[in-house]
Amino acid sequence: MKFNRGDFQHFYKYCYSLTNNEEDAHDLLQSTLEKWVKLDNKDIDHPHSYFTRMLKNGFIDHYRKQLRKKEDYLNEDMIENLANSDEKNLEDIICDRQTAQSILNDADPETREILYLWACQGHSYEEMSEILGPPRSTILSRIHRFKKKILTQIEKKEVEQ
Amino acid sequence: MNDKLKENIKNIYNDKNLTSDQLDNLFAIQDKKEVKSRSKFSNIFSMQIFALFSVLLISFVSLRTFKNKVNIEEAIIQEIAYNHNKQMSPELLSADLASVQGHLKSLNFSLVDSSKLKHLTLVGGRYCSIQGKVAAQLKYKASAAGTSTVYQTVMPKGLKDKQFNNYEGDYQGVHVKIWHEKGILFGVATSGN
């Protein structure tokens with residue numbers, strides 16, 4: 001199984017969503033590829049998904065200490081409210097690129113990963129839960145926290161202007 | 001200019017791309033696998049080429065060593081600077097020295113956690129060689145942008161007999177410091193990258 005230029009560019013962007021650093025993203029991709037070529041990968045059914053998982057695991061192994069472990073608790077009612085409101089509202093948020101970049105820089109790797117899958121891959125929260133592993137409530141929790149932060153930042157910027 | 005958050009995020013990531021050199025490097029890594037899976041005839045031919053290259057490389061290194069025999073410190077500085085400029089990625093990404101030690105099973109010495117490196121953050125490690133002896137090449141990140149490569153190996157024979165303490169020098173844009181600590185030769189290479 002050989003990856004093409006488009007595949008490498010896609011994997012690189014994914015790595016960047018995790019690391020938020022171009023050099024680290026390249027290092028992560030290169031070191032994971034070195035492990036990949038040592039595998040007998042011809043029998044892997046979904047090589048792109050498998051390799052993406054390897055990238056994620058490589059990132060976790062290296063940056064484990066920096067990952068946030070504590071999650072907010074959400075009950076079922078809160079989850080339903082978030083499901084009905086957050087996904088739609090996130091689509092409607094307007095801001096400038098600088099604010100978006102600033103928010104990405106401040107976000108933790110898990111949130112950046114979710115935002116990358118949402119904005120660049122067009123995945124729903126349900127799909128993200130299947131791809132990434134954490135339950136849908138965890139995905140929603142992170143989006144909820146992120147949404148609060150970005151709306152606060154946008155409001156603050158409007159007041160300053 | 002204001003736009004939808006989704007569009008802004010998409011544009012931010014779309015602007016992040018690998019350079020041509022980085023892509024070429026990735027293809028070269030990927031193609032190494034392809035070389036292994038060619039026919040038996042091709043494999044034999046590849047082995048012959050590899051054997052010839054190894055002989056040439058050993059001869060080259062031996063010749064360089066002979067030329068620098070008078071000043072072994074300079075030879076080590078140059079070797080470390082040369083390896084640093086190759087910018088090889090770590091085989092194992094880890095901030096834990098014990099994990100790197102566990103991965104580099106063929107090292108015939110224990111890695112030392114030097115007090116002189118406390119201000120740096122370990123990124124990972126790989127095998128290397130110094131003066132023909134197996135060495136560990138450790139990648140460290142400084143608090144500001146930039147990386148250092150640190151080499152550890154057993155004290156080379158030529159230095160063991162000398163009154164060797166600290167030594168530093170510059171070679172091909174790389175600044176190298178070497179010292180010995182707990183029976184291990186240390187080398188730290190930094191460049192203007």
Side-chain angles (χ1 to χ4, degrees), chain A residues 1-5 7-9 11-17 21-42 58-59 61-66 90-101 103-104 112 115-116 118-122 147 150 154, chain B residues 1-37 86-96 99-100 102-103 121-127 137 139-142 144-147 149 193:
Chain A
M1 166 66 209
K2 283 182 90 170
F3 297 125
N4 58 35
R5 293 176 85 89
D7 294 331
F8 284 136
Q9 293 291 12
F11 292 136
Y12 174 69
K13 292 176 204 304
Y14 175 69
C15 289
Y16 183 79
S17 77
N21 177 284
E22 292 181 32
E23 189 185 327
D24 289 345
H26 176 246
D27 280 351
L28 175 60
L29 175 53
Q30 182 171 310
S31 61
T32 305
L33 185 65
E34 285 170 357
K35 290 177 197 166
W36 169 259
V37 297
K38 291 176 186 170
L39 297 174
D40 186 10
N41 56 46
K42 64 177 187 288
F59 171 75
D61 285 346
H62 180 62
Y63 292 101
R64 188 181 297 276
K65 290 176 190 172
Q66 298 178 24
L90 204 61
E91 294 274 354
D92 295 333
I93 291 177
I94 304 286
C95 66
D96 59 35
R97 180 167 169 147
Q98 195 177 359
T99 304
Q101 181 69 72
I103 287 290
L104 285 176
R112 280 200 304 271
L115 290 170
Y116 172 77
W118 167 66
C120 299
Q121 302 292 308
K147 201 189 80 159
I150 191 169
I154 290 169
Chain B
M1 183 184 146
N2 285 355
D3 202 343
K4 283 198 171 181
L5 170 68
K6 192 173 191 176
E7 206 55 40
N8 275 318
I9 291 176
K10 194 174 173 180
N11 290 336
I12 286 167
Y13 283 115
N14 279 346
D15 287 347
K16 300 297 175 192
N17 291 296
L18 292 161
T19 64
S20 296
D21 285 347
Q22 287 173 329
L23 276 166
D24 289 343
N25 186 41
L26 292 173
F27 279 119
I29 292 169
Q30 184 171 245
D31 289 342
K32 279 180 195 170
K33 167 77 173 170
E34 292 301 310
V35 170
K36 284 182 192 172
S37 57
K86 285 200 293 188
Q87 291 292 314
M88 300 289 284
S89 290
E91 288 172 16
L92 174 75
L93 287 174
S94 176
D96 177 39
S99 298
V100 175
H103 179 76
T121 305
L122 180 64
V123 174
R126 64 177 297 120
Y127 286 111
Q137 184 191 76
K139 189 170 177 182
Y140 284 79
K141 185 179 277 192
T147 56
T149 38
N193 57 344

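Note that these values count all heavy atoms, side chains included, but never hydrogens, waters or copies made by symmetry. Chain identifiers are assigned alphabetically (A, B, ...) following the order of the sequence lines, protein sequences preceding nucleic acid strands; residue numbering begins at 1 within each chain.
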Straight-line distance of [X] [atom1] to [Y] [atom2], nearest 0.5 Å:
{"X": "B:L92", "Y": "A:D61", "atom1": "CG", "atom2": "CG", "value": "8.5 Å"}
{"X": "A:I93", "Y": "B:N8", "atom1": "CD1", "atom2": "CG", "value": "11.5 Å"}
{"X": "B:D15", "Y": "A:R97", "atom1": "CG", "atom2": "CZ", "value": "4.5 Å"}
{"X": "B:I12", "Y": "A:K13", "atom1": "CD1", "atom2": "NZ", "value": "12.5 Å"}

What pair of heavy atoms forms the shortest contact from B:P90 to A:S31, and how long is it? O-CB, 4.3 Å

Grab the two heavy atoms, one from B:Y13 and one from A:C120, that are nearest each other, plus how far apart they are. CB-SG, 3.7 Å

Which residues pass the side chain to side chain contact (heavy atoms under 4.5 Å, CB included) test with A:T32, not counting sequence neighbours? A:L28, A:F51, A:M54, A:L55

Contacts of B:T19 meeting side chain to side chain contact (heavy atoms under 4.5 Å, CB included) (sequence neighbours excluded), chain-then-number -> B:D21, B:Q22

Is any side-chain heavy atom of A:F3 closer than 4.5 Å to a side-chain heavy atom of B:L26? no

Determine whether A:R5 and B:F27 make a side-chain contact, defined as any pair of heavy atoms from C-beta on separated by less than 4.5 Å. yes

Examine whether an atom of B:L18 lies under 4.5 Å from a heavy atom of chain A, and if so say whether it belongs to the side chain, the backbone or both; otherwise answer neither. both

Can you tell which part of B:N11 gets under 4.5 Å to a heavy atom of chain A, answering side chain, backbone, both or neither? both

Between A:D27, A:N4, A:I94, which residue shows the highest count of heavy-atom pairs closer than 4.5 Å to chain B? A:I94

Residue, of A:A119, A:A25, A:A100, that accumulates the most heavy atom pairs under 4.5 Å with chain B: A:A119

With a 4.5 angstrom heavy-atom cut-off, which part of [X] approaches chain B: side chain, backbone, both or neither?
{"X": "A:T99", "value": "neither"}
{"X": "A:L104", "value": "side chain"}
{"X": "A:I103", "value": "neither"}
{"X": "A:Q121", "value": "neither"}

Who among B:L23, B:L93, B:N17, B:I9 has the most heavy-atom pairs with chain A under 4.5 Å? B:N17

Can a donor-acceptor pair be found, under 3.5 Å and without considering hydrogens, that links the side chain of B:K16 to the backbone of A:E22? no

How about B:K139: does its NZ atom have over 12 heavy atoms from other parts shown lying under 6.0 Å from it? yes

Lys/Arg-Asp/Glu bridge criterion (N-O < 4.0 Å) met for A:E91, B:K6: yes

